Amino acid sequence: MAEIALKSLAHSYLSNPESPGDYAIREMNHVWQQGGAYALLGPSGCGKSTLLNIISGLLEPSSGDVLFDGERVNALPPELRNIAQVFQFPVVYDTMTVYDNLAFPLRNVKTPEDRVHERVMEVADALELTSQLKRKAKNLTADEKQKVSMGRGLVRDDVSAILFDEPLTVIDPHLKWKLRRKLKEIHQRFEITMVYVTHDQLEASTFADKIAVMYEGQVVQFGTPRELFEAPNHTFVGYFIGSPGMNFLEVSLRDGHVVSGTTELAVGREFADALGEIRSTNVKLGIRPEFIEVHDAHVEGSMVADIIHAQDLGTYSILYLRLGDTTLKARIEEEQPTPSGKAYLRFPGKWIGLYVDEFRVEIAS
Amino acid sequence: MNKIQNNRAWWLILPMLLLVAFSAIIPLMTVVNYSVQDVFDANTRFFTGTEWFKEMLNDPALQAALLRQFAFSLTVLAIEVPLGIGIALIMPKRGWQASAVLILVTMPLLIPWNVVGSIWQIFTRGDIGLMGWSLRELGYGYNITANPVDAWATIILMDVWHWTPLIALLCFSGLRSIPDAYYQAARIDRASRWAVFRYIQLPKLTNVLVIGVLLRFMHSFMIYAEPFVLTGGGPGSSTTFLSQSLTTMAIGQQDLGPSAAFSLIYFLIILLVSWVFYTAIMNMQKDKKNEEA
């Protein structure tokens, strides 16, 4: 059990990295607290698995430190870090029974056999593998194999952390949900630090208390699912989290008014003031489709938009709207009638984000 | 969908039947035909029933050759399989070294059998052969034409040199197919080098080893050209194996009946032993009965 800290960590697969693009992991600082359930979320190729392999010791970082409870472990191989890792594709020892598979990590360090038995039975019980213990691992189904892989991580009750590298990729959808619940349960029961790598936001938010969103080799935001949703720190988080993703409009200030292209936007005074102080040319306004108010008649402070298309998704609809030069998406609930032709939009000040060079800037109120 | 019952469909297997008939059944039946008759000339023959079979099975020279044959096959298997696995394990996995080693290892496999025999015949000569001459210079009276132990050791050494590469190549390809995640998981599980071999590499090699063991058994059990060229079956009959006895009988003495019976027995032994090997290896992989259920 340990707190895992990453200090000015960076990694490149090239021997002489020059530009930031050469880095799989750009310099970062991060702390995973003892006992937390974390998700590492990001698209393929963003460096999630690299980061995981650095933590477990399968990969040595090009620079920076990995600290377990304040102790530098960079040079320690995985076998000395006391860490467990579950891979994307289930790894089982084919010729061994399920019991022997689960006992393997303990027997490798010469744990007394009665202790081994006790742990294996407890973990088998938690993973519902008790009835399979005497079967050869080779003959199990993919999800049973993956449970065995997880079990080998869990039997070691003294591990620093368990790392999961997209463990549910090969699992049938209806079992995915079950296994995710199982993991959550196990986390509560054993109180081990768990880091779960995935590219699926639903998987991340059902498993984790806090999610680190990775993009191009850096953690762009670390927060609860709610924080990621309500106040994305980076435009990427806005796009990636939520379905559909956040709307972004390029904005500028003209004669004291906030405009997107040539269209004037009805946003609060504070936003315009904040915008006035910014020098960058890459400035965006972000608002979630869920937070756009859609009216069928003019209301105070509303902007008129053309409705391009409405998509009925059963419990809610997605409206595709044209406001000036930008296409926006708005989500409206089932009971609200879908306006036709024109819609009147309001952006509630509370839900507007200002993004400068892709990062969120706080608006003073 | 309606399933149509029509027994005329049986005719569809006729082409296959014809093919198998010409490739296997007819030649084999000719041998069976000879094995139960005593043929003097084109018009004179007697039906002998199982007489030739009994005679062959009771022939002390053939019994001795059979024992020698088993001793030889089991010895080369016992050496070549572990050695081949060992070589595959230490072969470099990537880069130009991998290609270079692969070519070096494959080389002996490309040499025809009787050429291998000739190479070793020259290599082991006491006067001009490098190995024969060196051993004599070192003070050992090495002589494969006079000393049965020398002859045996040389034939086994020759076979190991010629065929271990086959096992090594098969195992090398088997090892290459193991995903990295297995080795990574083993490191995470703190497995020893031995445990990695025993529980990851060896199980993944089972399939190629089945092929390797069967091929090597059949090959070595039928070995002919190499010892024939190297020792001619001698000294005495100490390195006369089954196929050489058979050739002497069938070609040298034209004893068609006995050699036909002998051929069939020979064939059945190979079939039986291969089946035993195959079943034994496949059984190791089966689930033990779930006693709890």
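Naming convention: chains lettered A, B, ... in sequence-line order (proteins, then strands); numbering from 1 in each chain. Keep in mind it's a predicted model, so treat the numbers as computed, not measured.
- With rounding to the nearest 0.5 Å, the separation of CG in B:Leu102 from CZ in B:Phe172 is 5.5 Å.
- Residues A:Asp143 and A:Thr141 bring a donor and an acceptor atom of their side chains to less than 3.5 Å of each other.
- Distance check: B:Tyr266 OH to B:Leu271 CG gives 14.0 Å after rounding to the nearest 0.5 Å.
- Contacts between A:Val86 and chain B at a heavy-atom distance below 4.5 Å are absent for every atom of the residue.
- The salt bridge (Lys or Arg N to Asp or Glu O under 4.0 Å) analysis of residues 39-58 of chain A, with sequence neighbours excluded, yields the pairs A:Lys48-A:Glu166.
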Side-chain donor-acceptor distances from residues 52-64 of chain A under 3.5 Å, at least two apart:
from, atom 1, to, atom 2, distance (Å)
A:Asn53, OD1, A:Gln85, NE2, 3.0
A:Ser56, OG, A:Leu52, O, 3.4
A:Ser56, OG, A:Asn53, O, 3.3
A:Ser56, OG, A:Gln85, OE1, 2.7
A:Ser62, OG, A:His11, ND1, 3.3
A:Ser62, OG, A:Ser12, N, 2.8
A:Ser62, OG, A:Ser12, O, 3.4

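- Across all non-hydrogen atoms, the minimal contact from A:Val197 to A:Pro167 is O-CD, 4.2 Å.
- Listed by sequence position, the residues of residues 69-89 of chain B in contact with chain A number zero, using a 4.5 angstrom heavy-atom cutoff.
- Checked by atom type and distance alone, the side chain of A:Lys147 pairs as donor or acceptor with a backbone atom of A:Leu127 at under 3.5 Å.
- Smallest separation of non-hydrogen atoms from A:Ala161 and A:Ile4: CB-CD1, 3.6 Å.
- Note: B:Glu226 CD to B:Thr154 OG1 = 13.0 Å, rounded to the nearest 0.5 Å.
- Heavy atoms of A:Arg81 lying under 4.5 Å from chain B are absent altogether.
- Interface with chain A: from residues 188-204 of chain B, residues B:Ile188, B:Asp189, B:Arg190, B:Ala191, B:Ala195, B:Arg198, B:Tyr199, B:Ile200, B:Pro203, B:Lys204 qualify, criterion being any non-hydrogen pair under 4.5 Å.
- Looking at A:Asp125 and A:Arg189, a side-chain N of the basic residue comes within less than 4.0 Å of a carboxylate O on the acidic one, giving a salt bridge.
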